[in-house]
Amino acid sequence: MSLIGIVQKGWESVGAGEFDTLVNDYVEEMVFIMPGQSNVLKGRSAFRTALDNLGQILPPGFEITGLRHMQGGSEVISIINWKSNKVHDSQLTVLFKFTDEKITEERWFIDTNQWLSAF
C-alpha cells in the first residue's frame with residue numbers, strides 16, 4: 001500500500017472509531033506532537049489511550065469538510081479543512097513521517113489561538 005493510502009486508511013479508521021486498526025500502522029516508539037507543539041505523546045500505547053478521549057481533544061462540533069494528501073519521500077502531509085461550533089471554516093496540516101511503511105511521527109500544525117477559541 002502507498003504511504004498516502006496508509007494515511008487515508010488511518011483517517012477512515014478515526015472516522016469509524018476503529019482506533020485499534022489505526023494504531024497498527026504506527027511503530028511502537030512513535031511520537032505524536034499535539035496542537036501547540038508542546039504536548040508530546042511517546043509510544044503507541046500512550047497514543048492509543050489518548051484516542052479514547054478524542055471527543056475531549058477536539059473542539060465541540062468538530063467536522064472535517066475536506067481532506068487531501070501530498071507525499072514527499074517518506075513523509076505525507078494531510079491538509080484538512082475543518083469547522084466546529086465556533087469556527088466556521090479553517091485548515092490544519094498533519095505531518096506523518098514513515099519508516100518502512102509504518103508511521104514514526106505524527107505532528108499537527110494549526111493556528112493554536114484559533115484552535116483554543118473553538119472550545
Side-chain angles (χ1 to χ4, degrees):
M1 178 179 289
S2 72
L3 300 185
I4 287 177
I6 292 168
V7 169
Q8 180 61 40
K9 182 180 84 163
W11 287 114
E12 291 167 4
S13 295
V14 168
E18 297 172 354
F19 302 136
D20 290 333
T21 300
L22 171 70
V23 299
N24 284 333
D25 286 322
Y26 290 77
V27 298
E28 187 61 42
E29 309 79 29
M30 60 84 63
V31 175
F32 178 75
I33 303 166
M34 299 168 66
Q37 310 301 305
S38 60
N39 297 321
V40 177
L41 293 174
K42 294 183 179 180
R44 189 168 58 194
S45 122
F47 179 56
R48 174 61 186 90
T49 299
L51 290 169
D52 287 332
N53 299 312
L54 191 59
Q56 297 170 2
I57 297 169
L58 299 174
F62 181 84
E63 179 183 342
I64 293 175
T65 59
L67 177 64
R68 63 188 188 276
H69 312 290
M70 294 183 290
Q71 180 177 345
S74 62
E75 298 179 345
V76 173
I77 293 174
S78 292
I79 301 168
I80 301 163
N81 292 69
W82 65 277
K83 66 180 182 176
S84 70
N85 292 349
K86 294 183 179 179
V87 176
H88 299 289
D89 184 36
S90 191
Q91 286 187 331
L92 64 89
T93 303
V94 181
L95 169 65
F96 298 89
K97 293 184 179 185
F98 283 82
T99 300
D100 300 325
E101 296 188 352
K102 292 285 187 180
I103 299 167
T104 59
E105 181 180 316
E106 178 177 336
R107 180 184 297 254
W108 286 44
F109 297 90
I110 61 172
D111 177 336
T112 307
N113 290 331
Q114 180 188 52
W115 184 261
L116 293 175
S117 74
F119 284 89

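Small disclaimer: the values here were computed from a predicted structure and weren't measured.
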Subject >> Any residue meeting ring pair (Phe, Tyr, Trp, His ring centres under 6.0 Å) with Phe19, in chain and number order, not counting sequence neighbours >> reply: none

**OP:** Of all the heavy-atom pairs spanning Ser90 and Gln114, show the shortest one and how long it is.
**Re:** OG-OE1, 2.6 Å

Subject >> Min side-chain heavy-atom separation Asp89-Lys83 under 4.5 Å >> reply: no

Original post:
How many angstroms lie between atom CH2 of Trp82 and atom OG1 of Thr65, to the nearest 0.5 angstrom?
Top reply: 10.0 Å

**OP:** Assign the ring pair Phe96 / Phe98 to parallel, tilted or perpendicular, where the plane angle (0 to 90°) is split at 30° and 60°.
**Re:** tilted

Original post:
What closest approach, in Å, do Leu41 and Ala46 show between heavy atoms, and which atom pair accounts for it?
Top reply: CD1-O, 4.1 Å

Original post:
To the nearest 0.5 Å, how far apart are CD1 in Ile6 and NE2 in His69?
Top reply: 12.0 Å

**OP:** With the side chain counted from C-beta on, respond yes when Thr99 and Val27 share a heavy-atom pair under 4.5 Å apart, and no when they do not.
**Re:** no

Original post:
Glu106 versus Phe47: any side-chain heavy-atom pair under 4.5 Å?
Top reply: yes

**OP:** List the atom of Ile64, the atom of Phe62, and the distance in Å for their closest heavy-atom pair.
**Re:** CG1-CE2, 3.8 Å

Subject >> Spacing of Met34 atom CE and Arg107 atom CZ [to the nearest 0.5 Å] >> reply: 13.5 Å

**OP:** Heavy atoms only: give me the nearest Phe119-Leu58 pair and the separation to one decimal.
**Re:** CE2-O, 3.5 Å

Subject >> Flag side-chain contact, heavy atom, 4.5 Å: Met30 against Ile103 >> reply: no

Original post:
Do Val14 and Leu54 come close enough that some side-chain heavy atom pair is under 4.5 Å?
Top reply: yes

Subject >> Beyond-backbone contact of Arg68 with Asn81, side-chain heavy atoms, under 4.5 angstrom >> reply: yes

**OP:** Working to the nearest 0.5 Å, report the span between CD1 of Ile79 and CE of Met70.
**Re:** 3.5 Å

Subject >> Crowding at NZ, Lys102 (>12 non-hydrogen neighbours, <6.0 Å) >> reply: yes

**OP:** Determine whether more than 12 heavy atoms belonging to other residues, nucleotides or ligands lie under 6.0 Å from atom CG of Asp52.
**Re:** yes

Subject >> Spacing of Asn85 atom CG and Glu63 atom CD [to the nearest 0.5 Å] >> reply: 10.0 Å

Original post:
Just wondering, do Trp11 and Val94 contact through their side chains at under 4.5 Å, heavy atoms?
Top reply: yes

**OP:** Would you name the heavy atoms of Ser74 and Leu3 that are closest together and state the gap between them?
**Re:** CA-CD1, 3.9 Å

Original post:
Just how far is it from atom OG1 of Thr93 to atom CD of Gln91, taken to the nearest 0.5 Å?
Top reply: 6.5 Å

Original post:
Which residue pairs pass the side chain to side chain donor-acceptor pair (under 3.5 Å) test with at least one member in residues 13-24, sequence neighbours excluded?
Top reply: Asp20-Arg48

**OP:** State, yes or no, whether a side-chain contact exists between Leu67 and Gln8 at a heavy-atom distance under 4.5 Å.
**Re:** yes

Original post:
Do you know the tightest heavy-atom contact between Val7 and Ser78?
Top reply: CG1-OG, 3.3 Å

